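Working notes, structure below.
The structure displayed is predicted, hence computed values, not measured ones.
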Amino acid sequence: MIEEKISNQQYLGWEADLEVIARIDNQISLRKTYLMSPWKPRRDENTSVSRSSFISRPQENYIEKLEKDKRLNKLEYFKKLSLEFTKELKKAENAELKELYEMKFIKAPYMTWKDVSEALGYKHTNGYNRRKALLEIWGKICGEC
């Protein structure tokens, strides 16, 4: 069986995904807020011409926007994947990886991998090996590994 080597670009892509899912709830709420009240010039909706295709209730208009918005749908899909990812990290064998994930992406996203490794008491190479294992779990969940 031939096993493909995962490229550094793939690892960087997975790392960017983990940065997004660490703040996924915030991203979803921001997108919904934008859809509810986008910043654009107001148009007069009280025209004398009646249109049968015009939605007169703002709630229906908002729901329609939510259903059609591709970015929001992608964020909600990421939310589903992030729940699977956190479920996988809660397993006993992944306790160190969960600690690594929380430190890097939730508690201190400004820290580099080297700083996170030192803070958790890992050697430099052990920290990067754990990083690879963490990112490979995400890759398997999102179907890219």
Side-chain angles (χ1 to χ4, degrees), residues 4-122 124 126-145:
E4 292 182 33
K5 184 178 178 184
I6 300 171
S7 70
N8 286 334
Q9 292 298 323
Q10 186 66 49
Y11 283 120
L12 291 174
W14 289 340
E15 190 173 331
D17 288 349
L18 290 181
E19 290 172 1
V20 170
I21 68 167
R23 291 151 195 47
I24 195 74
D25 291 327
N26 184 30
Q27 293 290 325
I28 289 173
S29 64
L30 283 174
R31 187 63 186 168
K32 285 181 178 180
T33 302
Y34 173 76
L35 290 173
M36 189 167 55
S37 57
W39 186 84
K40 46 179 144 172
R42 297 261 258 161
R43 70 171 212 258
D44 187 13
E45 295 176 358
N46 296 326
T47 59
S48 60
V49 179
S50 125
R51 295 185 298 176
S52 62
S53 65
F54 182 72
I55 299 174
S56 60
R57 295 186 191 165
Q59 296 89 355
E60 290 179 13
N61 192 13
Y62 178 62
I63 291 171
E64 183 179 316
K65 284 181 183 179
L66 291 179
E67 290 173 351
K68 290 183 178 180
D69 190 62
K70 291 180 182 179
R71 185 171 175 195
L72 180 63
N73 290 336
K74 183 178 179 181
L75 288 171
E76 287 175 346
Y77 177 69
F78 261 53
K79 169 90 175 171
K80 186 180 95 176
L81 292 178
S82 73
L83 293 175
E84 290 179 35
F85 180 68
T86 53
K87 184 179 175 183
E88 183 69 28
L89 288 182
K90 287 181 182 178
K91 293 182 179 176
E93 66 267 12
N94 295 329
E96 290 178 345
L97 297 179
K98 181 181 181 200
E99 186 180 24
L100 183 73
Y101 170 75
E102 287 176 350
M103 176 67 96
K104 172 63 180 159
F105 295 103
I106 296 173
K107 294 178 183 174
Y110 54 85
M111 292 177 78
T112 64
W113 283 105
K114 182 180 177 184
D115 296 336
V116 171
S117 297
E118 289 174 2
L120 294 175
Y122 303 140
H124 180 71
N126 288 344
Y128 274 94
N129 288 339
R130 286 183 173 98
R131 170 190 174 257
K132 283 185 176 184
L134 178 73
L135 295 175
E136 286 172 4
I137 289 173
W138 171 249
K140 288 176 185 173
I141 288 173
C142 68
E144 296 178 8
C145 184

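- Under the rule for a side-chain contact (heavy atoms from CB on, under 4.5 Å), the partners of Asn73 that lie at least two apart in sequence or sit in another chain are Glu76.
- In this structure, CD1 in Ile24 is found 7.5 Å from CD1 in Ile21, a value given to the nearest 0.5 Å.
- Atom-to-atom distance recorded for Leu18:CG and Tyr101:OH is 6.0 Å, nearest 0.5 angstrom.
- In terms of heavy atoms, Tyr122 sits closest to Gly127 at CB-N, 4.0 Å.
- The minimum heavy-atom distance between Glu15 and Arg131, with the atom names listed, is OE1-NH2, 2.9 Å.
- For Arg31 (side chain) and Leu66 (main-chain N/O), no donor-acceptor pair under 3.5 Å exists by modelled atom type.
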Tell me, with the steps shown, if Lys32 and Tyr62 meet side chain to side chain contact (heavy atoms under 4.5 Å, CB included). CA-CA 9 Å; Lys32 285 181 178 180; Tyr62 178 62; 3.6 Å; yes
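- Partners of Asn126 under the side chain to side chain donor-acceptor pair (under 3.5 Å) rule, at least two apart in sequence or in another chain, do not exist in this structure.
- Nearest approach of Ser117 to Tyr128, heavy atoms of both residues: OG-N, 4.5 Å.
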Solution key, residues 80-92 side-chain donor-acceptor pairs under 3.5 Å, sequence neighbours excluded:
from: Ser82; atom 1: OG; to: Lys79; atom 2: O; distance (Å): 2.7
from: Thr86; atom 1: OG1; to: Ser82; atom 2: O; distance (Å): 3.1
from: Thr86; atom 1: OG1; to: Leu83; atom 2: O; distance (Å): 3.0
from: Glu88; atom 1: OE1; to: Lys91; atom 2: NZ; distance (Å): 3.2

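- Summarising the local packing, CD of Glu93 is surrounded by more than 12 heavy atoms from other residues, nucleotides or ligands at distances under 6.0 Å.
- Note: Tyr11 and Trp14 have perpendicular aromatic rings, judged against thresholds of 30 and 60 degrees for the angle between ring planes.
- Taking CZ of Arg23 as the start and CG of Leu30 as the end, the distance is 12.5 Å to the nearest 0.5 Å.
- Across every non-hydrogen atom of Leu97 and Arg130, the tightest pair is CD2-O, 3.3 Å.
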From CA spacing to verdict: side chain to side chain contact (heavy atoms under 4.5 Å, CB included), Phe105, Leu134: CA-CA 12 Å; Phe105 295 103; Leu134 178 73; 4.2 Å; yes
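- Taking every heavy atom of both residues into account, Leu72 and Asp69 meet most closely at N-OD2, 2.8 Å.
- To the nearest 0.5 angstrom, Leu135 atom CG is 9.0 Å from Leu12 atom CG.
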Would Tyr34 and Arg71 count as a side chain to side chain contact (heavy atoms under 4.5 Å, CB included) if you check the C-alpha gap in whole Å, the side-chain angles of each, and the deciding distance to 0.1 Å? CA-CA 12 Å; Tyr34 173 76; Arg71 185 171 175 195; over 6 Å; no
